[in-house]
Colleague: 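Once you've had a glance at the structure underneath, I'll fire off some questions.
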Amino acid sequence: MHTINQNVASLLRSVSAALLIKKESRFRIVAYDKAADAIEQMAQDIKALWKEGKLDDVPGVGESIRAHLDEYFKTGKVKHFEHTFKGIPAATFTLMHVPGIGPIRAYKLATTFHLENPKTAVRDLKKVAEEGKIAELESFGSKSQTLIMESLDRFIASEQSPSRMLMPYAAELADRVIAHLKKHKSVGTCDVLGSLRRGVPTIGDIDIACIVPEDQIAAVIKHFTEFPGLLKVDNAGGKKASIILPPRIRVDLRLESDNGYGAMLQYFTGSKAHNIKLREYAIGKGYSLSEWGIKKVEDRGPLAKGDEHKIMRFNTEEAFYGFLKMKVPPPELREGTNEIELALKDNLPNLIKLTDIKGDLHVHSDYDLKPSHDRGAHTFQEMSDRARALKYEYIGFSEHNPKQSGHTASQIVDIMKRRQEYIHKHVKGLPYFIGLEVDILPSGEIALPEKAIDYVDYLIVSVHSSFTQSKEQMTKRVKTALLYPKVRIFGHPTGRLLMKREGIDLNWDVIFDICKKRDIALEVNSSADRLDLPDTLVREGLKNGLRFAIDTDSHALEHMDTMKYGVSVARRGWCEKKDIVNALPLASLKKWIHAV
DNA sequence: GCCGTTTTCGGCCCGACTGTTTTCAGTCG
């Protein structure tokens, strides 16, 4: 994600908070939040978009916010915002990020205790809390004070280590929670919902729903809050509960009886943006939606006792969406772009499935060709056998290129030649292709003598060094590399490492253009910490008519089972079977590989 | 402040939980 987008989103959220503190119209407040959400989730760099005069394309950014952003990018500040912030201590905007403290309480705490410095505000407030002063404040009490102290501690700890998790690890944790829930005899079907069901690459919290008979809900919530090793029960009411698990991951549980489960699935899968858009659409049709079902608009708001029949209940998502006369959008598409419109027209894409995948074109064996980076742990034959077990029709071997230092060009050619001979002689069974993952050097040259290209079927080119070049340099560098013969795949194109390293900055229009012309596939790398190309850019690429290779980049047999994560990224990028080269049958794939 | 296949004006998603209150505000998802 672009840091600039984060900064702008955070600025807009501060404006929203300031408006809330000043008791402005709640619709203005929401408008700033919506714009912030949209900017945070965009694939493109917001400043680049501004330079092109395309800020109007961002949903939620209208005339007013566009003018403010214009001023922001030109001068670094916005007069109107500064006026809005007037009288609000800067520490307010720090404190409101502590869970349990919102803008209003943050403002009250900051002004009452004269907390000025945003950098020390959290620790300053903790001192105040320890002195017992918060409990004396109006509308606060001793319980609020305790809660705030605990929350501050967790916040301080979380500043040192992030609390988000990579999707596969979160999935594992979710499975453990479900196993615990199922130990209770009243728990029926359980589903992992929220961002995990939508396949989001990093997970902030885990959402689980279960079918439980009405009269057993309290008992199951109690059982949930007894999950071994939990850090804290965050809240537990009569309808839902939350716990915090190490390392500070929140798990939300919702329980519903069989006949209302469909509405609960829909609500709890989200995203927030999808649900808001769906509810807005429904209002236009005279219906009000919630996790409990669908009401007529005139019955909006809490129902009186005895009026429960006024809410229609749905046991499946198909029935719920069906009532609104639309198809069920696959969870991966529920991000509030245009999936509702297409679901209404029965025009949703038929997304790629794991079972459509016919091969893996990026795997590293243990064959020693003196590589520039790490070798794999298993032989060509072992990897080929695994591919066959996965019901693939072919496999592509792609060790790293031989390292250039210590080898002359002709030695490298020789190494490559021997590798080809070795594979032809020893690998039996599944049809294979001989590939190679080659470094794109800072200059844009590839780390392989041209003559060595004769000994491969295809090349994957990837950036593995000098990540901090300027956007122009980086674009030129990658473009140069993509023009070499036999380049078929651009490997992990942004080079990002989730929660560790930002992706490289590229002019994607230029890259998409050259890939389109040469029919080069962009890789969707399935490694848990890459998931690269990111889903938003997959969708952009798709709009430009590109195709993709979903690869595991395996360095060991068990990595070959991670294809599902890449598939999930491709689905979030709206890819169908026809958009994925390694969903092609052998003959068509061969044609594509040998096209350049 | 944004937005439009009902609209350029008049709407704007919905509900649960908690604490401090005695009917609701704040926060969260």
Side-chain angles (χ1 to χ4, degrees), chain A residues 12 15-17 19-21 23-38 56 58-69 80 84 95-109 134-148 151 193-195 204-207 209 217 221 233-242 250-256 263-264 266-295 297 299-303 311 336 340-341 344-345:
Chain A
L12 295 179
V15 175
S16 161
L19 294 172
L20 179 68
I21 290 162
K23 301 196 192 315
E24 289 275 350
S25 143
R26 63 196 176 98
F27 298 113
R28 265 183 85 197
I29 296 166
V30 169
Y32 275 96
D33 280 328
K34 273 192 179 176
D37 287 347
D56 278 339
V58 184
V61 174
E63 202 179 319
S64 169
I65 293 181
R66 174 165 48 88
H68 293 323
L69 291 186
H80 178 254
T84 308
L95 293 178
M96 72 183 207
H97 290 116
V98 178
I101 303 180
I104 290 169
R105 301 180 105 189
Y107 174 67
K108 183 149 190 182
L109 292 166
I134 290 180
E136 296 161 14
L137 274 184
E138 196 194 340
S139 85
F140 288 76
S142 64
K143 285 200 171 174
S144 295
Q145 180 169 273
T146 314
L147 219 81
I148 286 173
S151 197
L193 304 175
S195 49
D205 49 35
I206 292 170
D207 301 310
I217 287 179
I221 284 185
V233 177
D234 208 36
N235 65 53
K239 305 201 177 232
K240 63 178 191 180
S242 307
R250 182 190 163 96
V251 184
D252 291 333
L253 177 71
R254 302 289 299 238
L255 305 172
E256 176 55 304
M264 187 58 79
Q266 193 289 319
Y267 155 76
F268 215 18
T269 298
S271 65
K272 186 178 159 204
H274 173 81
N275 284 356
I276 289 177
K277 285 202 169 178
L278 190 66
R279 288 167 183 189
E280 282 172 351
Y281 168 77
I283 282 180
K285 296 290 169 191
Y287 297 106
S288 169
L289 316 181
S290 77
E291 60 264 54
W292 309 110
I294 301 182
K295 291 184 288 195
V297 154
D299 298 326
R300 247 200 279 189
L303 291 175
I311 185 156
I340 291 171
E341 201 186 315
L344 282 164
K345 290 194 247 173

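Order of the sequence lines sets the chain letters (A, B, ...), proteins ahead of strands, with each chain counted from 1.
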Colleague: Once rounded to the nearest 0.5 Å, what's the spacing between atom NE2 of A/His274 and atom CD1 of A/Ile340?
Modeller: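 Going from NE2 on A/His274 over to CD1 on A/Ile340, the span is 5.0 Å.
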
Colleague: Testing the basics here: between A/Asp252 and A/Asp205, what is the closest heavy-atom pair and its distance to 0.1 Å?
Modeller: OD2-OD2, 4.4 Å

Colleague: I need the A/Ile134 CD1 to A/Phe140 CZ distance, nearest 0.5 Å.
Modeller: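 Going from the CD1 atom of A/Ile134 to the CZ atom of A/Phe140 covers 7.0 Å.
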
Colleague: Students often get this wrong, so: under 4.0 angstrom with heavy atoms, is A/Val61 touching a base, only sugar-phosphate, or nothing?
Modeller: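 The residue A/Val61 makes sugar-phosphate contact but no base contact.
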
Colleague: Can you tell me how far C1' in B/dG26 sits from the matching atom in B/dT21, rounded to whole Å?
Modeller: 13 Å

Colleague: Reckon A/Arg105 touches a base, only the sugar-phosphate, or nothing at all at heavy-atom distances under 4.0 Å?
Modeller: sugar-phosphate

Colleague: Tell me what A/Ala236 touches on the nucleic acid: a base, only sugar-phosphate, or nothing, going by heavy atoms under 4.0 Å.
Modeller: sugar-phosphate

Colleague: Taking the C1' atom of each, how far is B/dC28 from B/dC13, in whole Å?
Modeller: 15 Å

Colleague: I'd like the P distance from B/dT27 over to B/dT20, given in whole Å.
Modeller: 13 Å

Colleague: Base, sugar-phosphate alone, or nothing: which one does A/His274 contact when heavy atoms must sit under 4.0 Å apart?
Modeller: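 Answer is nothing: A/His274 stays at 4.0 Å or more from every strand.
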
Colleague: Could you measure between the two P atoms, the one in B/dT22 and the one in B/dG15, and give it in whole Å?
Modeller: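 Those two atoms are separated by 25 Å.
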
Colleague: Please find the earliest and latest nucleotides of DNA chain B, in the 5' to 3' direction, that have an atom within less than 4.0 Å of any heavy atom of chain A.
Modeller: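 On DNA chain B, the outermost contacted nucleotides are B/dG1 to B/dG29.
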
Colleague: Using the C1' atom as the point on both nucleotides, what is the distance between B/dC17 and B/dC12, in whole Å?
Modeller: 25 Å

Colleague: Would you mind classifying the nucleic acid contact of A/Ser288 as base, sugar-phosphate or nothing, using non-hydrogen atoms under 4.0 angstrom?
Modeller: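 Counting heavy atoms under 4.0 Å across all strands, the contact made by A/Ser288 is with sugar-phosphate only.
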
Colleague: Testing the basics here: between A/Ala263 and A/Trp292, what is the closest heavy-atom pair and its distance to 0.1 Å?
Modeller: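 So the minimum-distance heavy-atom pair works out to CB-C, 4.0 Å.
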
Colleague: Look at all strands and tell whether A/Ile104 reaches a base, only sugar-phosphate, or nothing, counting heavy atoms closer than 4.0 Å.
Modeller: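 Counting heavy atoms under 4.0 Å across all strands, the contact made by A/Ile104 is with sugar-phosphate only.
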
Colleague: Once you apply a heavy-atom cut-off of 4.0 Å, does A/Arg66 come out as touching a base, just sugar-phosphate, or nothing?
Modeller: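 If one applies the 4.0 Å heavy-atom cut-off, A/Arg66 turns out to touch nothing in the nucleic acid.
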
Colleague: Assign A/Leu278 to base, sugar-phosphate, or nothing according to its heavy-atom contacts below 4.0 angstrom with the strands shown.
Modeller: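 Since no nucleic acid heavy atom lies under 4.0 Å of A/Leu278, the category is nothing.
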
Colleague: Work out how far the P atom of B/dT18 is from that of B/dT7, and round it to whole angstrom.
Modeller: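 B/dT18 and B/dT7 have their P atoms separated by 45 Å.
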
Colleague: Pairing check on B/dG26: which nucleotide meets the Watson-Crick or G-U wobble criteria with it, both distances under 3.5 Å?
Modeller: B/dC17

Colleague: Reading DNA chain B from 5' onward, which residue's closest nucleotide shows up sooner: A/Phe268 or A/Pro59?
Modeller: A/Pro59

Colleague: With a non-hydrogen cut-off below 4.0 angstrom, is A/Glu63 in contact with a base, only sugar-phosphate, or nothing?
Modeller: sugar-phosphate

Colleague: Within the structure shown, what part of the strands sits under 4.0 Å from A/Ser142 by heavy-atom distance: base, sugar-phosphate, or nothing?
Modeller: sugar-phosphate

Colleague: With nearest nucleotide decided by heavy atoms, which residue, A/Lys240 or A/Leu19, maps closer to the 5′ end of DNA chain B?
Modeller: A/Leu19

Colleague: For residues A/Lys272 and A/Asp37, report the shortest heavy-atom separation together with the two atoms involved.
Modeller: NZ-OD2, 4.0 Å

Colleague: Which heavy atom of A/Gly194 sits nearest a heavy atom of A/Asp207, and at what distance?
Modeller: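 Taking every non-hydrogen atom into account, CA-OD2, 3.3 Å.
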
Colleague: In whole angstrom, give me the gap between the C1' atoms of B/dG1 and B/dT6.
Modeller: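 Per the computed distance, 22 Å lies between those C1' atoms.
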
Colleague: To the nearest 0.5 Å, how far apart are CG in A/Leu109 and CD1 in A/Ile104?
Modeller: 12.0 Å

Colleague: Is A/Gly238 touching bases, backbone alone, or none of the nucleic acid, heavy atoms closer than 4.0 Å?
Modeller: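 Touches sugar-phosphate only.
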
Colleague: Checking all strands, does A/Arg300 fall into the base, sugar-phosphate, or nothing category for heavy-atom contacts under 4.0 angstrom?
Modeller: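 Here A/Arg300 touches the backbone only, sparing every base.
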
Colleague: Kindly determine whether A/Ile148 and A/Val98 satisfy side chain to side chain contact (heavy atoms under 4.5 Å, CB included), including the steps that lead there.
Modeller: CA-CA 8 Å; A/Ile148 286 173; A/Val98 178; over 6 Å; no

Colleague: Between A/Tyr32 and A/His68, is the side chain to side chain contact (heavy atoms under 4.5 Å, CB included) condition met? List the steps.
Modeller: CA-CA 12 Å; A/Tyr32 275 96; A/His68 293 323; 3.6 Å; yes

Colleague: Just checking A/Ile29: base, sugar-phosphate only, or nothing, at a heavy-atom cut-off of under 4.0 Å?
Modeller: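 Nothing: the residue A/Ile29, judged by heavy atoms under 4.0 Å, touches no strand.
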
Colleague: Regarding A/Lys295, tell me which of base, sugar-phosphate or nothing describes its non-hydrogen contacts under 4.0 Å with the strands shown.
Modeller: sugar-phosphate

